[in-house]
Amino acid sequence: MDRNDLGKGGEPRQQASKRERTMTTAQGGPIADDQNSLKAGARGPSLLEDHVMREKIFHFDHERIPERVVHARGYGVHGHFELTEAIPELSCADIFQRVGEKTPTFTRFSTVAGNKGSFDVARDVRGFATKFYTKEGNWDLVGNNIPVFFIQDAIKFPDLVHSVKPAPDRGFPQAQSAHDNFWDFISLSPEAVHMTMWQMSDRAIPRSFRFMEGFGVHTFRLVNAEGQSHYVKFHWKPKQGLQSVVWNEALKINGADPDFHRRDMWDAIDAGDFPQWDLGIQVFDDDFADRFEFDILDATKIIPEEQVPVRIIGTLTLDANVDNFFAETEQVAFCTQNIVRGVDHTNDPLLQGRNFSYLDTQLKRLGGPNFTHIPVNAPKCPVHHFQQDGHMAMHNPKGRANYEPNSWGEDGGPRENPEIGFQSYPAEVEGEKQRTRTETFADHYSQARQFWISQTEVEQRHLASGYIFELSKCQEERIRLRMLSHLMNVHDDLARMVAEGLGVGDMPEPATPARAPITDLPPSDALSILKNGPDSFRGRKLGLYLSDGADAELVTALEDAFRAEGAMVAIVAPHIQGVTLSDGTARAADEKIDGGPSAVFDAVALVFSDDAGQRVAGNPPSQDFVSDAFAHAKFIGWTQAAMPLLQAACVAATMDDGMIELSRDSAGDFVNTCRKLRFWEREAELAW
Ligand code: HDD
């Protein structure tokens, strides 16, 4: 049976007819020989007349389309949104009317700065864009995994992006913000300070797309059937809980598996473990907006959940991988302007600019105005209009009339309908034209301080280390100090930790705030990852390092216990052929030890036969497996036979409660321990 006889999952496919299986040109002509071009004589020149070769190479030459100018590296998945609470009193959007109704979706996760071929676990914001194919048209919620943004006005976006992308003269660094240009721009743009707090926190190195939140960022409007408007902020809350990796681990994951996040998503969905997010809304009115300490149109500010609780109204389930990456993930075109009746924009100047940029960029990227004809972008409701022609038009309006109004009656095509058509909320607008930044956008530090005091000690340490790492990559002292001068306005502890990490003795003068005083806001638990962690190891992965002769009963007990938890178990072994356990049964390996470092697992267990422990102890990848797991505060299950390796990895002398001796009866206890995900107590003892 050859490859063509197998379906997607490797199962035998029903025999197609010979004609169906015959390779053809794009014109449908059957091809007799796809290996050799047409030549004049066996050793003669190739002939221009070879339409088969010319067509094949012509098409290949044109395979690439421009990658997205930002968010180039992304991963798309199909799913559906199910409404759990109807909100007709807030919005007349069809999608929000009937509990239990499912709306198909397409979600694309992405990094921002890196090229299409960059690595997944860069320190970066993650895009979280969802297209809802509603019965009243497509609604695109194009958000991020961080609820605030770097800049307040879209006119600064090209500068922001230029500063983070590779420097134009040298073409590097790739997919990183740890360089002079980025921090030069940021330290000259105090409005970005709050966002960098999130970006330097572990939010920017998520363990998986599945374990991160999403945010619509801007304040939008919900408008009900009576035309009443409420303000709204959209939240995606992962049912899987929040989880991130640590920075040193991220660096190693990127080497071991640059596709870590996309592979994780593919594997989870392929295994039927469908990730879910609740859609939450923070709803408020003009009274609240007037009372609130900050401007609700300022995208560099959150509205703390303690002030306006998040109300859950539905669930997104991602349940199908794409059939084709290019056709779907690459060609999907999100536009913030894609809204439906019952949802509307506000005057947030970032959002207003985005509404231009997305449509514009799709034209460039997808080559013409008919990108809505591409299946992943096409609405799943009826579409009737008089738009026609253009590159790659797949369908044009039928009939004689292609204009409106017309007097062709029934045959004259679609008509407008004010009853069900989109109505803009009639917000009052007045004022002189001016290029200005409102005073109400001027407090750049108070919420950054609130973020800091809302973090656990572990997270504060990571956050400070994030700044230290990034600023240490800045060669210009003036840029490092300028950034430090902002951090002094955020919090003394943060500034001191970063100064120490950079080796700065004399602190600079604090930056002059655009607006004083900087307010002390109360902490908000919702801002911490660790305060919102999961209570299970579900969806996580154990790296089970086995040798030949490993105790079969213990191995089975571990596998059973972790699978019962809903976790994955990957077998790591000295050879990819796998191992033979003590009872003679075989275990296929998922990874050879040097291809499956502990950085790609959430917890590890070492189960060796007595003599194997000594053998692997001298093996550098095995030593790294253990010492990295230890340094990344992971739980490590071990058996006595692994002691020589623990010694060789220099962790035996500092055995702590995160290192669990395994026995056949204690596999369940090990799972319970792993539910905490990391043994952070250890990290405090390590001198990072
Ligand atoms: Fe943007 C892509 C999210 C500000 C201009 N953006 C893009 C994507 C996401 C976001 C998730 C990827 C969509 C996909 O997967 O195809 N962008 C945001 C958020 C912002 C934001 C949450 C602030 C709140 N963006 C922003 C501004 C501008 C843009 C201010 C321009 C003025 N963004 C774009 C773009 C992109 C894009 C150039 C590149 C590819 C694309 O649109 O389709 O138009």
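Counting starts at 1 for both ligands and their atoms, in listed order.
Aromatic ring orientation, H261 versus F209: tilted (interplanar angle from 30° to 60°).
Note on D184 versus R482: salt bridge recorded, some NZ/NE/NH1/NH2 to OD/OE distance being below 4.0 Å. E191 has a carboxylate O that lies under 4.0 Å from a charged side-chain N of R437, or vice versa, which qualifies the two as a salt bridge. Between E67 and K116 there is no salt bridge, since none of the side-chain N atoms of the basic residue sits less than 4.0 Å from a carboxylate O of the acidic one. One finds no salt bridge joining R262 and D257 here, because no Lys/Arg side-chain nitrogen approaches an Asp/Glu carboxylate oxygen to under 4.0 Å.
For the side chain to side chain donor-acceptor pair (under 3.5 Å) criterion with S177, the lone passing option out of K473, K165, R123, E470 is E470. The only option from F128, F215, F220 that meets the ring pair (Phe, Tyr, Trp, His ring centres under 6.0 Å) definition with F234 turns out to be F220.
With respect to atom 22 (C) of ligand 1, the closest heavy atom belonging to the protein is N144 ND2, 3.1 Å. Closest to atom 11 (C) of ligand 1, if we only count protein heavy atoms, is G143 O, 3.2 Å. Considering only non-hydrogen protein atoms, atom 14 (C) of ligand 1 sits nearest to R108 NH1, 3.2 Å. Atom 38 (C) of ligand 1 has V69 CG1, 3.3 Å as its closest protein atom, hydrogens excluded (heavy atom only).
Across the listed options M195, K364, R68, E67, R68 owns the non-hydrogen atom lying nearest to atom 16 (O) of ligand 1. The heavy atom nearest to atom 43 (O) of ligand 1, considering only R365, Q362, R73, is found in Q362.
Listed by chain and number, the protein atoms of type N/O/S under 2.8 Å from atom 1 (Fe) of ligand 1 are Y358 OH; waters are omitted.
Shown in contact with L350 at under 4.0 Å from a heavy atom are these atoms of ligand 1, numbered in order with element: 23 (C), 24 (C), 30 (C).
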